[in-house]
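So the structure is just underneath, and the comments pick up after that.
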Amino acid sequence: MALLQLAEPGQSEAPHQHRLVAGIDLGTTNSLVAAVRGRQAETLPDEEGRHLLPSVVRYTLDGVIVGDEAKLKASADPLNTIVSVKRLIGRGLGEIKSLGGRLPYEFRQQGSAVPRIHMVVGDVSPIEVSAEILKNLVARAEDTLGGDLTGAVITVPAHFDDAQRQATKDAAKVAGLKVLRLLNEPTAAAVAYGLDTGSDGIHAIYDLGGGTFDISILRLNRGVFEVLSTGGDSALGGDDFDRLIAEWIMQQAGIQGDTDHATLRHLMESACAAKEILTLSNEAGLGIQLEDGSRWRGWLSRSKFDQLVDPLIRKTLAPCRRALRDAGITTEEIEDVVMVGGSTRVPRVRELVGEFFKTEPMVSIDPDRVVAIGAAVQADILAGNKPNDKMLLLDVNPLSLGLETMGGLVEKVIPRNTTIPVARAQEFTTFKDGQAAMAVHVLQGERELVSDCRSLARFELRGIPPMVAGAARIRVTFSVDADGLLNVDAEEQSSGIKASVEVKPAYGLTDSEIEAMLSDSIDHAKGDMETRRLREEQVAAERVIEALTAALRDDGDTLLSAEERTQIDAALASLIEASKSSGHKVIKAAVKALETQCDFYVERRMNASVKTAMSGHTVDEFGGLKKKRRECRKP
Ligand code: ADP
Ligand code: MG
């Protein structure tokens, strides 16, 4: 997702300093690497001439195997062979469980850390699995290009949220690869076709892969790309075609649904092979080994296949309609439709999509490779290898971003499909008299209730000066950068106090966790847990120290005797001292001790606040000690 200001002024380098960079399509089903060689961007084959690397990773006690060899063993060793890891990356356990389909893996999760897959070699996170795919492609590129890669552009689906983007970056970090930019797959495809060099107009990018469907509407305006809207279905693709064919074969061959795993697997493979044959021929022969050892033979015709998959293809048209509506355009205004993804080789797909958009789809670049090729073109420009190129690409945020407000509702700050990078601000205010802190809860999604949206981050704005409810003016600014990553700032306007968060998604990795991964040590992971606990207690202590200091400043002299004041000051000092400790238990105990010691003070303030209730000065300023935080709501 990017407003890609490629080759910004001063960024370009002299041509002789040519830097080796690549474009990587990290796909659900297949991954590829491409590079600009000579004047042409092309995908790079492995030693055996294969361009597509199946996104399959198998862990054995003898090492990690990636690609075709791993794919062959997927059915024999399903627990240690990870397929479609892209579906898991950047997701929490709850989301993974609700993905549907049977996942053979055993997941483990400690606290809010990244869920891990339990395998023969130990527990491995989806980030590490993706890193293995990246490492393989980097090695391929370095062998082919004859040098170290300086960096790569990695593509991600338009529907990827913040957590998934961050996790993809983390995977690159684990693989030791510098990410020049994350780029939306459809945008990369448009670049591969060089649509930017053509005349102004609106283009649709239709991407049907193995398990996902994406549609994007792009507008080219004086050499500048703008993504007007995006949409799709994250659970629809060529695998579903295979499943329908397999079911049809089962009917024909009289195979029961409860047949053994190996037969089912064999069925899926035969179905997939037949599907691919049918893109070129009108008939595909089938031979299925049955449980009893006998063999079933049959034929699948193109027209039967078309009839089977027709409903699935039509299902992709609803998101197309929605994307057009979001972009505020009609099909008549679409100049071209770019076909992306292996499944767009299916003639019936081309036919129906062409009919829908009322234009002959663009298919001249291999739909499997077009995304990687576009990524390579951009990597080349970002590296400064093409000093004269001034291409701009505008992108949009695929889901609305907002804040939690009173009553568990979501207030959208940046609506979906807003062109990025973007910064938008909104004002919020306090809900209670004297409210000293505001909880900022950042959410992503289209629904109205917090519980229906995805939680991205939470932080607090503390030290709001005492005011009556509704008087504080808290300006919250959301900014999304060129990579689609979010930053949220909150500032109380009268006092200028500020808090901000760079959205580190709930299931992204902390830098220290990545470090631990690199050293590949379970001991390190344990240490990280300790650090995390310590930080949490330090933050809690800080909250109490701040709240108490503020309270003492306010009424410490009027409500406390000199002796009481001395005692509380001493307790406060000892908490400050304890908060520097490296033991989380020590800090926790000190917080508790201070809270107990201050009970009478809190009570006294409460009583005083009753007397001065109208002034707006209440115990809530000290609320951090007893009650955690207050909600905000819109003016
Ligand atoms: P992804 O982007 O999900 O990694 P790809 O773009 O590589 O996926 O597409 C993979 C899908 O394309 C698979 O379902 C595969 O069976 C399908 N596919 C590949 N070649 C053909 C073909 N010749 N005919 C029909 N489907 C194909
Ligand atoms: Mg793809």
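These values consider heavy atoms only, across backbone and side chains, with no hydrogens, waters or symmetry-generated copies. We count ligands from 1, going down the list as the structure has it; atoms in each ligand are counted the same way. Note that the numbering runs from 1 along the sequence shown for the chain.
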Item checked: Electrostatic pair R345-D366, nearest N-O below 4.0 angstrom -> yes

Notebook entry, point to check: So does K73 pair up with E69, basic N to acidic O under 4.0 Å?
Noted result: no

Notebook entry, point to check: Looking at residues at least two apart in the chain, or sitting in another chain, which of them share a salt bridge (Lys or Arg N to Asp or Glu O under 4.0 Å) with D336?
Noted result: none

Next item on the list: Kindly write out the residues that satisfy salt bridge (Lys or Arg N to Asp or Glu O under 4.0 Å) with K71, not counting sequence neighbours, or none if the list is empty.
Entry: none

Check: Does D233 have any side chain to side chain donor-acceptor pair (under 3.5 Å) partners at least two apart in sequence or in another chain, and if so, which?
Finding: none

Notebook entry, point to check: Is the CD atom of E333 crowded by more than 12 outside heavy atoms at less than 6.0 Å?
Noted result: yes

Next item on the list: Tell me the residues surrounding ligand 1, counting only those with a heavy atom closer than 4.0 angstrom, sorted by chain and number.
Entry: G27, T28, T29, N30, G209, G210, G238, D239, C272, K275, E276, T279, G341, G342, S343, R345, V346

